> 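After the structure tokens below, expect a handful of questions from me.
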Amino acid sequence: MMVKRCFAAGVCWTLLMGCVFAAHAVTFEVTDGNSTCIKAELSASFSISYNTANGTSVVWFALPSSAAVGSSSSCGGGDVPPELVVSFGAGHALALVFTSDRWLYRVANISLQYNLSDTTTFPRSSSSRIVSVMTNASEISARLNSTYRCLSSMSVSLSTEVNVTFSDVRMEAYMNGANLSTNESVCSADQTVTTAAPTLSPRTTVAPSPIPLPAPERGNYTITDGNGTACLLALMGLQLNITHHSKSLNKTVSKVMNLQPNRTTASGSCGVPRATLMLSEDLTNLTFTFTLNLTTQKFFLSAVNVSAFWPDMTDWFVEGNGSLNFLQCSVGRSYMCSAEQMLAVVPTFSINTFRLQLQPFNVTANRFAAAEECRVDQENMLIPIIVGAALAGLVLIVLIAYLIGRKRTHAGYQTI
Ligand SMILES: *[C@@H]1O[C@H](CO)[C@@H](O)[C@H](O)[C@H]1NC(C)=O
Ligand SMILES: *[C@@H]1O[C@H](CO)[C@@H](O)[C@H](O)[C@H]1NC(C)=O
Ligand SMILES: *[C@@H]1O[C@H](CO)[C@@H](O)[C@H](O)[C@H]1NC(C)=O
Ligand SMILES: *[C@@H]1O[C@H](CO)[C@@H](O)[C@H](O)[C@H]1NC(C)=O
Ligand SMILES: *[C@@H]1O[C@H](CO)[C@@H](O)[C@H](O)[C@H]1NC(C)=O
Ligand SMILES: *[C@@H]1O[C@H](CO)[C@@H](O)[C@H](O)[C@H]1NC(C)=O
Ligand SMILES: *[C@@H]1O[C@H](CO)[C@@H](O)[C@H](O)[C@H]1NC(C)=O
Ligand SMILES: *[C@@H]1O[C@H](CO)[C@@H](O)[C@H](O)[C@H]1NC(C)=O
Ligand SMILES: *[C@@H]1O[C@H](CO)[C@@H](O)[C@H](O)[C@H]1NC(C)=O
Ligand SMILES: *[C@@H]1O[C@H](CO)[C@@H](O)[C@H](O)[C@H]1NC(C)=O
Ligand SMILES: *[C@@H]1O[C@H](CO)[C@@H](O)[C@H](O)[C@H]1NC(C)=O
Ligand SMILES: *[C@@H]1O[C@H](CO)[C@@H](O)[C@H](O)[C@H]1NC(C)=O
């Protein structure tokens, strides 16, 4: 009885200390000579199950503020990837290995080494081994030259016995300066945190009802030619709708996401008969191909390709359609559509466009040419015209009726 009570008190104390520690993110910096390559501020807590003489126990503890950058950390080089190793306690270490491509860097693998002979952390452990666990399924990725930010907590399972929960994370790898970039790549959990209050409501159900997204912000994307003159102009708000298998729900879901202009970089090329616009956000690449038909003197959106790896996807989503005919417009003009328009690319992928104006050919003086409006806009414009015309007609009829009436009464008076 006594033992049990002590044990329970110990757990409470550990939890309490964990909370206290978890509130304080610890800062780590990996340098190579004088230059910083990785900087990370983070809180982490660990949940580890281990064997004791009487069965399995689970401990929960936070990364202590005394944790320090381990000597095996490195900025990498050649084939060696950059790695942040954080050492703490009696021979425990948490390691993050990074990789990058032209646009993004990501945590390619997370590992933990823990020492079961540390009886303070692992009371009555039946083993005194050093255990290493590792996963390469991490959702941590960010644009190069930006700081990855995720204040929400994020759990990663390193094995069936070990879970790590990160929170208050701000970090950057492949840095150019000594300070974290002010430009941020915000994790998806932080983006939705304002619309949902998941932790406070005990009634939060397993299947969250989808919150209708607000209309996306309008992006201003410009491609310039070799001389720095604009050759492709696009102003538009984009919403992507991908139908994929959800890892957490184990079923097919349609996920809708707004492209955030301030986190999107535009690149591409101009030319005849084809111009391309490529938009890259942290976890999404989108390519639009416009084709000019010199016979008909029309241009149109002829192909769309997408590649995405959103949280909760089981695999990369890569799709495209090269035989589209959307957004057709006369050459020398710009295409405009203020109304929302859906572009069905493939059955599992569509794009909703908002307040769109674009011109992929014959751009002069960095400005849009006269606009050709889409059908919906023309119809929308027709409604006020029809209503106006009907009102004018009504006014005219009333006026005529009044004049006729007046004439009649006038004539009536004269006969008397
Ligand atoms: C670091 O900076 C100091 C002073 O700026 C310089 O003397 C030293 O050579 C630098 N070391 C390396 C490894 O770049
Ligand atoms: C780790 O997380 C999984 C899934 O949330 C859970 O089933 C498991 O019990 C956790 N393990 C530990 C040691 O906390
Ligand atoms: C574990 O076993 C020891 C004796 O082997 C016993 O004294 C102790 O109460 C047990 N602890 C728990 C939590 O059951
Ligand atoms: C990151 O910044 C460096 C130096 O400022 C630059 O050379 C590089 O092209 C940038 N990379 C990206 C993807 O913006
Ligand atoms: C779009 O960006 C260009 C250049 O950055 C600027 O000249 C233009 O005014 C912007 N257009 C809108 C509608 O913001
Ligand atoms: C760039 O400018 C040069 C000189 O002004 C001109 O000859 C050339 O055609 C221009 N190229 C493009 C792609 O506009
Ligand atoms: C997303 O696509 C699915 C499947 O095509 C469709 O049922 C749903 O209405 C779409 N949602 C939006 C907001 O476009
Ligand atoms: C997912 O669902 C399929 C059938 O719908 C089932 O066979 C499979 O075991 C499930 N996987 C998990 C991990 O629950
Ligand atoms: C991007 O825009 C959103 C919405 O306007 C804003 O909340 C966010 O702070 C911006 N992020 C950056 C890095 O500018
Ligand atoms: C985006 O494109 C770049 C360059 O082709 C590629 O390295 C990166 O993995 C792509 N990212 C996504 C999310 O598709
Ligand atoms: C241009 O349009 C005409 C008429 O629709 C079509 O016959 C022709 O094949 C098109 N040309 C190209 C290069 O797509
Ligand atoms: C648009 O550009 C194409 C190719 O440069 C050219 O053939 C065509 O005459 C131009 N049309 C207009 C209306 O400027």
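Everything quoted here is computed from the prediction, not taken from an experiment. For ligands, and for the atoms within them, numbers begin at 1 and follow the listed sequence. Here, residue 1 is the first one in the sequence, and each next residue gets the next number.
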> Are any of the side-chain heavy atoms of Phe28 and Leu42 separated by less than 4.5 Å?
yes
> Quick one: which of Leu84, Thr27, Leu96, Ile38 gives a side chain to side chain contact (heavy atoms under 4.5 Å, CB included) with Met171?
Leu96
> Restricting to disulfide bond (SG atoms under 2.5 Å apart), what partner residues turn up for Cys329, sequence neighbours left out?
none
> Angle between ring planes, Phe288 versus Phe290, binned at 30° and 60°: parallel, tilted or perpendicular?
parallel
> Is the Trp310 ring parallel, tilted or perpendicular to the His244 ring (thresholds 30°, 60°)?
perpendicular
> In ligand 7, which numbered atoms sit nearer than 4.0 Å to a non-hydrogen atom of Asn241?
1 (C), 2 (O), 3 (C), 8 (C), 10 (C), 11 (N), 12 (C), 14 (O)
> So, does Ser246 use its side chain to make a donor-acceptor pair with the main chain of Leu249 at under 3.5 Å?
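Answer holds: yes.
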> Could you say whether the N/O atoms of Ser350 and ligand 7 ever approach to under 3.5 Å?
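For ligand 7, there is no N or O atom that lies under 3.5 Å from one belonging to Ser350.
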> With respect to Trp103, which candidate in Leu144, Thr265, Asn145 satisfies the side chain to side chain contact (heavy atoms under 4.5 Å, CB included) definition?
Thr265
> Mind listing the N or O contacts between ligand 2 and protein, cut-off under 3.5 Å?
from     : atom 1 : to     : atom 2 : distance (Å)
ligand 2 : 2 (O)  : Asn163 : OD1    : 3.4
ligand 2 : 2 (O)  : Asn163 : ND2    : 2.2
ligand 2 : 11 (N) : Asn163 : ND2    : 3.0
ligand 2 : 14 (O) : Ser47  : OG     : 2.5
ligand 2 : 14 (O) : Asn163 : ND2    : 3.3

